[in-house]
Amino acid sequence: MYYLCRLKTISKKHDTMNLDTQLTPVVAEIINTLYGVQPVPETIQFQKTRKEFEGDITLVVFPFVKSAKKSPEQTAEMIGAKLLNDVDFIESYNVVKGFLNLKIKANYWLEQLKAIHSSENFGTTKPSKNADLMMIEYSSPNTNKPLHLGHIRNNLLGYSISEIQKANGWDIVKTNIVNDRGIHICKSMLAWQMFGNGETPESSGMKGDHLVGKYYVEFDKHYKAEIQELMLQGLSEEDAKKEAPLIKQAQEMLLKWEQGNKEIRTLWETMNGWVYAGFDETYKKLGVDFDKIYYESDTYTEGKSKVEEGLAKNIFYQREDGSVWADLTNDGLDEKLLLRADGTSVYMTQDIGTATIRYEEYPIKKMVYVVGNEQNYHFQVLSILLDKLGFEWGKDLVHFSYGMVELPEGKMKSREGTVVDADDLIAEMVETAHETSQELGKLDGLSDEEIENIARMVGLGALKYFILKVDPRKNMTFNPKESIDFNGNTGPFIQYTHARIKSVLRKAEEQGIDHSALRNTQLEISEKENYLIQLIAEFPNVVKQAGIEFSPALIANYIYDLVKEYNQFYHEFTILREENDDLRNLRLVISETIASVIKTGMGLLGIEVPERM
RNA sequence: GGUCCGGUAGCUCAGCUGGAUAGAGCAACUGCCUUCUAAGCAGUAGGUCAUGGGUUCGAAUCCCGUCCGGAUCACCA
């Protein structure tokens, strides 16, 4: 098992499509010819030429100066001359210190563009019929309170990484394990029984998950009061927490639930039903979904039997009180409880059960858990336990461990009411998007329905992009007042660029311009156009890298770079008014290809892009 | 205390498998709409890459120490 934060990758980040794989063997051959040594493949490193120098791709020659027994400049010069001679698409080279900058012929890039423009699903690999299956678990809510900002990050990451892996040829099953049982669920049930007066989502007009959450808070309030009372009577805080009537009643309720008490089960089903309806609404608004949902109430007993199996095989041991433990001291960890003395299961037991069932139901090649980094230890243990139990996939499970979302004043705390509610946040974003487009007068003349839809896309785009552009492993700060912007490195900026391109393309169509094929690939093109094509050509590598690193942020940052470059181009060049038809068509093809990369890339983040805004 | 993660502009973040003068956005200031959408573009200003060593031709990037922050080490989930 590994944390993604430790994942090392092999491929380079900024390589250009095919180019460095094409050139690497040539360089190896040249080094061999010139200096009589076979270079280690890793020492042949290409990078994108920095903007301040002339060229498209740069070979770092420092690794070869020893075997060349020459200065870096001389070495670079020799290799450059040979490359120019041997490779037909190299136009020229120049040497700066130990850097050999190669300029590639424009024609090479134009041919690339032509191929990209006429290809379908550029940048993504469709899963083949016998593709390996990756199961991705995300969301995994408790059914006692509504979703909040932390869940939003989880959901967006889970959904996006599923799309990204799909684009890398995996067969994906998105799954959700709903934590629908346990003492915390009983707390809200009990509070509702005692103080609810039969309130329902219908009678109160409240969303089901919010209603149940309200009673969870209610429980806590009364529970705390009872603890205070008992402490005044002289009990220690610890004892008071154990002896409070409410907690005892909740435990009693849990016991009844486990025994299948009809009344309790009915209440449980009713209240969970409210919560599910509420969650479905939030998921839908957020645009995330699942292929298969598991419920812990269905899987926890399977965990128990697996643990008992392990006990029988002496993998685990039992204490005098009857509790079952795993001794992980040989793995550098502690001892871990798996079954309580009364035979009830804990979190770990349930995860073992769920994993077992999943592997029975699906031919899983890779199992991914999208869960916060606060549970790193848990997954380390889970991996070892599954391995000990004889599951071959145990040690290979992936914990996609992501950082917490913090507010400017620190961690979100439900007890202090500083939690940012998911539904509220989404509504606010859409509302702001709506106001902004009205202020800008961009949507005049569109139907109310269209305006609503665009506001929804833009508001959600802002939120999603804001969260996904950050490296998932890192904690991030979310300032509700300031964080969400519609300018600069934001979702709306990218969506805007897409809409802008679409507008140009519509006008081209109105004028009857046919740019369906890039006919002339022998054009003189500007540096900006050249660079845009190179950026476009990098897209497939970015998708691949994002898959290897499990990082939607790579996609987000790439699209931003692309869009920023495009806007400069858009400002500097005319497209439709260009008098040279070939050049005009080239610019249309570049624009259209970029619009399509934006759409695909944003799609990998779960963000829609409008045709106009 | 043990283990793990992080510290880059005032703020939010890129860059980190070692490569050229560390980049964006926000906030501040200055320009650019009679021309394909100004949610845009151009510019000014802003840095001891926490800190001290080490490895290297070369370190924000790798190694070690220190400081600061966070997570975790539950018969919670």
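First the proteins, then the strands, lettered A, B, ... as listed; each starts at 1. Side-chain atoms are counted along with the backbone in the values below, which use heavy atoms only and exclude waters and symmetry mates.
- Both R506(A) and F466(A) lie near RNA chain B, and the one whose nearest nucleotide falls closer to the 5' end is F466(A).
- Among the heavy atoms of the strands lying under 4.0 Å from V60(A) is at least one base atom, whether or not backbone atoms are also near.
- Centre separation under 5.5 Å together with a plane angle under 30° does not hold for the ring of F62(A) and the six-membered base ring of G58(B), so they are not marked as stacked.
- For R612(A), the side-chain atoms get nearest to U37(B) when compared with the rest of U37(B), A39(B), C36(B).
- At the heavy-atom level, M404(A) lies nowhere under 4.0 Å from the strands shown.
- Atom NZ of K474(A) and atom P of A71(B) are 18 Å apart (whole Å).
- With a 3.5 Å ceiling on both atom-pair distances, the Watson-Crick or G-U wobble partner of U72(B) is G2(B).
- Among the protein residues, S437(A) comes within range of the nucleic acid bases, having at least one heavy atom under 4.0 Å from a base atom.
- For the pair Y566(A) OH and U37(B) P, the computed distance is 10 Å after rounding to whole Å.
- The same atom, P, is picked in C4(B) and in G47(B); the two are 35 Å apart, to the nearest Å.
- When heavy atoms are screened at a 4.0 angstrom cut-off, T477(A) is found touching the sugar-phosphate backbone but no base atom.
- For R50(A), no side-chain nitrogen or oxygen approaches OP1 or OP2 of A22(B) to under 4.0 Å.
- Within the 4.0 angstrom heavy-atom criterion, base atoms lie near K442(A).
- Across all strands shown, A50(B) pairs with U66(B); the Watson-Crick or G-U wobble distances both stay below 3.5 Å.
- Using a 4.0 Å heavy-atom distance criterion, T58(A) is classed as a base contact.
- Residue contacts shown for F99(A) include a base, since a base heavy atom lies under 4.0 Å away.
- Taking atom CZ of residue R473(A) and atom P of nucleotide A14(B), one finds them 9 Å apart after rounding to whole Å.
- In this structure, C33(B) forms no base pair with any nucleotide, since neither Watson-Crick nor G-U wobble geometry is met with both distances under 3.5 Å.
- Base engagement by D321(A) is indicated by at least one non-hydrogen atom pair under 4.0 Å involving a base atom.
- Ring stacking holds between F53(A) and A20(B), with the centres under 5.5 Å apart and the planes within 30 degrees of each other.
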side-chain contact (heavy atoms from CB on, under 4.5 Å) between M404(A) and N475(A), worked out: CA-CA 5 Å; M404(A) 300 290 101; N475(A) 288 359; 4.0 Å; yes
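- When heavy atoms are screened at a 4.0 angstrom cut-off, N144(A) is found touching no nucleic acid atom at all.
- Look at the C1' atom in both U8(B) and U61(B): the space between them is 11 Å, to the nearest Å.
- In this structure A9(B) sits in no base pair that meets the Watson-Crick or G-U test at under 3.5 Å.
- For the pair R181(A) and W268(A), the cation does not sit on the ring face, since its NZ or CZ is not both under 6.0 Å from the ring centre and inside 45° of the axis.
- Across all strands shown, A28(B) forms a Watson-Crick or G-U wobble pair, both distances under 3.5 Å, with U44(B).
- Contact annotation: side chain of N567(A) to base of A38(B), donor-acceptor pair absent below 3.5 Å.
- Atom CD1 in I494(A) sits about 12 Å away from atom C1' in G25(B), given to the nearest Å.
- Under the 4.0 Å criterion applied to side-chain N and carboxylate O atoms, K241(A) and E237(A) are assigned as salt-bridge partners.
- Within the nucleic acid shown, K97(A) comes within 4.0 Å of sugar-phosphate atoms alone, with no base atom in reach, counting heavy atoms only.
- Judged by Watson-Crick or G-U wobble contacts below 3.5 Å, the nucleotide A22(B) has no partner.
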